Amino acid sequence: MSDTILVNDHGDWLEITLNRPERLNSFTPEMHLALRSALTRAADDAKRAVLLTGAGRGFCAGQDLGDRDPRKMDGPPDLGETVRTYWAPLVRQIQALDMPVICAVNGVAAGAGSSVALACDMVLAADSAKFIQSFSKVGLIPDTGGSWHLTRLVGPARAMGLALTATPLPAKQAAEWGLIWQALPDETLMDEARALAARFAEGPTFGYARTKEAIAAAATNTLDAQLDLEAELMKACGEHPDYAEGVSAFLDKRKPQFGGTG
């Protein structure tokens with residue numbers, strides 16, 4: 001695997017690190033393919049949680065613009081093709097994973113880097129981290145699902161303001177606005193993130209996957225449709241061995257031993 005992505009196997013869960021710190025972990029095609037390969041490994045190996053973070057002083061600055069200098073090109077790049085080939089498949093792959101995907105934002109998350117973080121199920125950020133919708137600075141729109149996630153999480157007024165002004169949003173304010181789950185002291189971020197991944201890896205991952213499905217569907221479902229979906233998913237959860245184990249452990253006053261997906 002490319003050294004632009006580091007993978008640490010913790011047994012039941014994977015820790016994946018974006019590893020181009022000298023470029024604030026900005027993405028190249030090679031890095032895209034390496035990250036998608038790591039996510040495929042998590043699925044193929046039936047891992048029960050994934051933790052995504054960045055090396056160095058930043059999480060991710062988005063697309064590496066080094067090869068996009070218009071002064072060195074014969075014509076304008078097809079950025080739509082870049083989105084379709086690289087960014088959109090990455091977001092779809094993250095969202096399709098059954099296991100919880102945690103993002104630990106250890107520093108600046110800008111442009112598509114911010115969008116990748118928001119595509120994850122839970123985002124923890126260091127107090128020093130900032131989320132920047134930097135697209136407008138180069139005449140672009142929030143992509144990589146950014147326009148969708150941003151609007152859904154903070155509402156259209158705040159999404160519009162962040163997108164048009166490219167104002168950096170500090171981690172604590174991002175948590176207050178509901179953009180992320182938690183802002184944490186820099187020195188404890190990774191310990192907290194790893195503890196959460198380990199906790200999920202021991203949990204009822206079949207139920208976690210159905211929870212992800214229900215919350216994703218709620219964005220477009222009517223209430224009636226969502227109630228029907230909840231009934232369907234609850235039926236599936238009730239028939240899974242994790243439910244019986246969870247109830248038995250509760251009644252026996254012991255720690256449950258969940259079997260995971262299946």
Side-chain angles (χ1 to χ4, degrees), residues 4 16-28 31-32 35 51-70 79 82-83 86-88 90-91 94 101-193 196:
T4 62
I16 302 173
T17 304
L18 309 181
N19 189 43
R20 295 186 73 224
E22 73 285 356
R23 299 289 296 173
L24 282 178
N25 301 317
S26 55
F27 271 80
T28 62
M31 191 172 172
H32 270 285
L35 177 54
L51 171 61
L52 177 65
T53 192
R57 60 189 178 87
F59 171 67
C60 179
Q63 176 72 41
D64 190 330
L65 298 180
D67 61 349
R68 299 295 174 85
D69 186 342
L79 299 185
T82 300
V83 171
Y86 295 108
W87 293 108
L90 174 59
V91 171
I94 291 171
V101 181
I102 304 161
C103 185
V105 178
N106 54 302
V108 67
S114 175
S115 300
V116 167
L118 299 182
C120 298
D121 298 312
M122 294 185 69
V123 183
L124 311 178
D127 284 338
S128 64
K130 291 181 174 64
F131 296 83
I132 309 174
Q133 300 301 314
S134 55
F135 303 94
S136 65
K137 292 184 176 182
V138 290
L140 299 178
I141 68 160
D143 69 1
T144 315
S147 63
W148 192 87
H149 284 112
L150 196 65
T151 305
R152 184 183 181 199
L153 291 167
V154 301
R158 284 172 169 165
M160 190 69 77
L162 290 169
L164 293 181
T165 67
T167 300
L169 187 67
K172 288 184 179 180
Q173 190 171 3
E176 291 169 0
W177 282 11
L179 186 70
I180 66 172
W181 173 239
Q182 280 183 316
L184 298 165
D186 288 40
E187 61 272 17
T188 66
L189 172 68
M190 292 311 301
D191 286 342
E192 295 272 3
L196 184 60

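This structure is a prediction, so every number in the text was calculated from the model and none was measured.
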* Asked: From Thr17 OG1 over to Phe59 CZ, what is the distance, rounded to the nearest 0.5 angstrom?
  -> 10.0 Å
* Closest heavy-atom pair and its distance - Gln133, Ser114 -> NE2-OG, 3.1 Å
* To do: Could I get the full list of side chain to side chain donor-acceptor pair (under 3.5 Å) partners for Ser128, not counting sequence neighbours?
  => Asp186
* Not counting sequence neighbours, which residues clear salt bridge (Lys or Arg N to Asp or Glu O under 4.0 Å) with Asp121? List them please. => Lys212
* To do: Could you tell me whether the side chain of Arg20 and the main chain of Thr4 form a donor-acceptor pair under 3.5 Å?
  => no
* Around atom CH2 of Trp177, are there more than 12 heavy atoms of other residues, nucleotides or ligands at under 6.0 Å? -> yes
* To do: Kindly compute the distance separating CD1 (Ile180) from CD (Gln173), expressed to the nearest 0.5 Å.
  => 11.0 Å
* For Asp127, check side chain to side chain donor-acceptor pair (under 3.5 Å) against everything at least two apart and list the hits. => none
* To do: Could you grab the distance from atom OG1 of Thr28 to atom OH of Tyr86, nearest 0.5 Å is fine?
  => 9.0 Å
* **Check: Ser136 side chain, Ala163 main-chain N or O, donor-acceptor pair, under 3.5 Å** => yes
* Asked: Taking everything shown except Arg57 itself, do over 12 heavy atoms lie less than 6.0 Å from its CZ?
  -> no
* To do: Keeping the roles fixed (side chain from Asn106, backbone from Gly54), state whether a donor-acceptor pair exists under 3.5 Å.
  => yes
* Asked: Which pair of non-hydrogen atoms, one from Ala55 and one from Asn19, has the smallest distance, and what is that distance?
  -> CB-OD1, 3.6 Å
* If you measure from OG1 on Thr151 to CG on Leu162, what distance do you get to the nearest 0.5 Å? -> 10.0 Å
* **From CG (Leu189) to CD (Gln182), nearest 0.5 Å** => 10.0 Å
* Using atom types as modelled and distance alone, determine if a side-chain donor or acceptor of Ser134 lies under 3.5 Å from a backbone N or O of Gly111. => yes
* Asked: When rounded to the nearest 0.5 angstrom, what is the spacing between CG in Leu90 and OG in Ser115?
  -> 10.5 Å
* Asked: Closest approach of Gly56 and Pro21, non-hydrogen atoms and distance?
  -> CA-CB, 4.1 Å
* To do: Check Leu18 against Met31 and note the closest heavy-atom contact, atom names and distance.
  => CB-CE, 3.5 Å
* Let me know which of Thr144, Leu35, Asp64, Thr82 forms a side chain to side chain contact (heavy atoms under 4.5 Å, CB included) with Phe27. => Leu35
* **Heavy-atom closest pair, residues His149 and Val91** => CE1-CG1, 4.4 Å
